[in-house]
Every structure is written in C-alpha cells, then in structure tokens.
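Step one of this worksheet: look at the structure below.
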Amino acid sequence: MRLIGRIVEVEAYGGAADPASHAFRGETPRNRAMFGLPGHAYIYYTYGMHHCLNVVTGEAGVASAVLIRALEPIEGLASMARRRGGVTRERLARGPACVARALGLTGADDGTDLTCGPLWLPAVPPRRGGWRVARGPRIGISRAVGRRWRFFLAGHPCVSGRPVPRGVEGRSGLRR
DNA sequence: GTATCGATTAGC
DNA sequence: CTAATCGATACA
C-alpha cells in the first residue's frame with residue numbers, strides 16, 4: 001500500500017546553538033540520528049507514547065533537522081484512517097505525532113535513508129498549490145521562543161495549531 | 001536515588 | 001483543563 005502526503009507544515013531545529021533542540025545538550029542514543037547523515041530520518045519518541053518524524057539536514061556531525069508537523073493526505077487515505085481511528089481527512093496527519101501515526105512510523109524507521117524509500121522524500125520542486133507560505137513561532141517549546149522557525153501554508157485545513165484563538169483574532173499578530 | 005519536564009494528543 | 005507514560009534531565 002502506497003501512502004502519499006504533501007508536507008504543509010514544518011519546523012526547523014538546530015543543534016548546540018538552539019536551546020529548543022533535542023541536540024542542544026549533545027548526542028544521546030535518542031537523538032543520534034540527528035547527528036548523522038542529511039537526508040535521513042530522525043524519529044523520536046516522546047511523552048511515552050508518540051513518535052515524530054524529522055528530516056536531517058545538517059552534514060554528518062552537525063545536528064540540524066526539520067520536523068514534519070503536518071501532511072495533506074494525497075493517497076492511501078483508507079490506510080491512514082485505519083491507523084488514526086477514522087478521523088476526518090483534515091485530521092489524518094495534522095500534528096507531528098499524527099503524521100507518524102498515519103504513516104505507521106516507529107523507532108524502526110529512525111535513521112533510515114529518505115532518498116531511496118520505503119520512507120521516501122522525493123526531490124521535487126515545492127508545490128504550494130496556491131497557498132501562501134507563512135511563518136511563526138515553533139509550537140510546544142518553552143525556550144528560544146523568539147525564533148520564528150515554523151513554516152506552513154497559511155489557512156490550509158491540514159495545518160496544526162489552534163484554528164482560531166478564541167475571542168479576538170490577530171491579537172499580537174504572531175500568526176504570520 | 002527521586003522529581004520534573006517534555007518538538008503531544010485525546011478526551012472531559 | 002488533565003491523563004497517559006517513558007526518556008532525558010535536574011537535583012539531593
């Protein structure tokens with residue numbers, strides 16, 4: 001079964017210079033893949049129950065990665081829905097743990113080469129599909145909050161985060 | 001050794 | 001808002 005999704009939301013994480021990164025305090029068994037070859041997967045286990053997928057971007061020895069926070073499901077929706085408990089299409093891969101869940105990723109996929117499948121990130125030009133690329137603060141972190149390293153398709157229904165902060169919208173203007 | 005915190009999510 | 005549940009981290 002082939003599962004395909006378009007990446008609609010990501011976050012960048014650095015190494016020793018990024019306090020919000022898992023690699024900030026150096027290499028551990030868990031973040032080891034982040035120090036490995038670029039183009040490979042860094043899949044971490046968190047909160048004792050979730051896996052999340054990153055694409056390693058730095059050269060070997062230089063910790064740097066991009067967290068895949070959300071996908072727009074394109075193919076294999078039935079399989080994704082099976083794993084995700086039959087939620088709506090928009091929610092199939094909305095949120096980093098949901099992405100890994102929908103794709104069936106586990107620790108076994110940590111460190112695998114993304115350039116040659118079975119988990120494959122095709123080297124194709126970006127397809128924004130008419131959506132505007134927006135940026136904002138990374139979600140769920142408590143340090144280096146000022147770095148706006150989250151990038152997403154503004155208004156796309158498959159992007160995570162609160163739909164609209166209750167009450168007034170645009171208060172503080174941080175969602176651009 | 002114990003205590004606390006997560007690159008989260010589902011459910012109340 | 002909280003529980004779930006465990007690796008990593010902080011601290012005695």
Side-chain angles (χ1 to χ4, degrees), chain A residues 3 5 7-58 62-73 77 79-112 114 119 121 133-154 156-167 174-175:
Chain A
L3 305 181
I7 299 170
V8 296
E9 178 187 3
V10 299
E11 281 175 3
Y13 285 90
D18 182 3
S21 173
H22 289 163
F24 183 59
R25 290 176 177 78
E27 187 174 334
T28 68
R30 180 205 198 202
N31 66 20
R32 178 180 152 282
M34 210 173 157
F35 290 82
L37 293 171
H40 286 233
Y42 162 43
I43 296 177
Y44 65 86
Y45 184 58
T46 190
Y47 288 97
M49 64 193 83
H50 302 301
H51 289 281
C52 296
L53 168 68
N54 291 253
V55 179
V56 176
T57 54
V62 180
S64 186
V66 171
L67 172 68
I68 308 301
R69 286 196 58 93
L71 301 178
E72 174 190 337
L77 305 217
S79 292
M80 297 185 196
R82 209 174 306 129
R83 294 195 174 101
R84 290 274 301 120
V87 299
T88 64
R89 169 187 150 101
E90 294 173 0
R91 295 194 166 187
L92 282 179
R94 187 165 76 186
C98 295
V99 169
R101 186 72 164 174
L103 297 179
L105 303 180
T106 69
D109 301 288
D110 183 37
T112 59
L114 297 174
L119 181 57
L121 182 63
V133 176
R135 69 185 302 188
R138 294 175 291 184
I139 292 177
I141 58 171
S142 58
R143 295 176 297 184
V145 177
R147 296 179 190 177
R148 299 167 54 196
W149 288 358
R150 170 175 177 248
F151 300 86
F152 56 100
L153 300 186
H156 194 291
C158 298
V159 168
S160 76
R162 305 147 130 125
V164 171
R166 58 178 159 296
L174 284 178
R175 351 187 89 236

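Lettering follows sequence order; numbering is per chain, from 1.
- Look at A:Arg69 and A:Glu11 and you find a salt bridge, because one of the NZ, NE, NH1 or NH2 atoms lies within 4.0 Å of a carboxylate O, short of that distance.
- With salt bridges taken as basic N to acidic carboxylate O contacts below 4.0 Å, none links A:Arg143 and A:Asp18.
- Exactly one of A:Leu121, A:Val66, A:Val99 qualifies for a side-chain contact (heavy atoms from CB on, under 4.5 Å) with A:Ile7. That residue is A:Leu121.
- Of the candidates B:dA7, C:dT5, C:dA8, C:dT5 carries the atom nearest the A:Met49 side chain, counting heavy atoms from C-beta on.
- In terms of position along DNA chain C, the nucleotide closest to A:His50 lies nearer the 5' end than the nucleotide closest to the other residue of the pair A:Asn31 and A:His50.
- Across the P atoms, C:dT2 and B:dT4 are found 15 Å apart, a figure rounded to whole Å.
- Ranking B:dG6, B:dA7, B:dT9 by closeness to the A:Ile141 side chain, first place goes to B:dA7.
- Here the C1' atom of nucleotide B:dG6 and the CZ atom of A:Arg25 are 11 Å apart, to the nearest Å.
- Contact annotation for A:Arg30: backbone-only contact, meaning every heavy-atom pair under 4.0 Å involves sugar-phosphate atoms and none involves a base.
- For B:dC5, the OP1/OP2 oxygens have no side-chain nitrogen or oxygen of A:Ser142 closer than 4.0 Å.
- A:Leu67 comes within 4.0 angstrom of a base, heavy atoms only.
- Using a 4.0 Å heavy-atom distance criterion, A:Ala20 is classed as a base contact.
- Between A:Arg84 and B:dT9 there is no side-chain polar atom (N or O) within less than 4.0 angstrom of OP1 or OP2.
- Remark: DNA chain B forms stems of 3 or more consecutive Watson-Crick or G-U wobble pairs, all pair distances under 3.5 Å, at B:1-6 with C:6-11, B:8-11 with C:1-4.
- For the side chain to side chain donor-acceptor pair (under 3.5 Å) criterion with A:His22, the lone passing option out of A:Tyr44, A:Tyr42, A:Tyr13 is A:Tyr42.
- The aromatic ring of A:Tyr44 does not sit over the base of B:dA7; the criterion of centres under 5.5 Å apart with planes under 30° is not met.
- Annotation: cation-pi pair A:Arg135/A:Phe152 absent, no NZ/CZ under 6.0 Å from the ring centroid and within 45° of its normal.
- Salt-bridge formation is not detected for the pair A:Arg94/A:Glu9: no Lys NZ or Arg NE/NH1/NH2 atom is positioned less than 4.0 Å from an Asp or Glu carboxylate oxygen.
- In the set B:dA7, B:dG6, C:dC6, the nucleotide with an atom closest to the side chain of A:Tyr45 is C:dC6.
- The phosphate of B:dA7 (OP1 or OP2) has no side-chain N or O of A:Arg143 nearer than 4.0 angstrom.
- Contact detail for A:Pro137 and A:Val145: the closest heavy-atom pair is CB-O, 3.9 Å.
- Comparing A:Val87 and A:Asn54 by the nucleotide of DNA chain B whose heavy atom lies nearest to each, the residue mapping closer to the 5' end is A:Asn54.
- Looking at the side chain of A:Thr28, the nearest of the listed nucleotides C:dA4, C:dT9, C:dC6 is C:dT9.
- Contact check, A:His22 against B:dA7: a side-chain N or O comes under 4.0 Å of OP1 or OP2.
- Within 4.0 Å (heavy atoms only), A:Arg101 reaches no atom of the nucleic acid at all.
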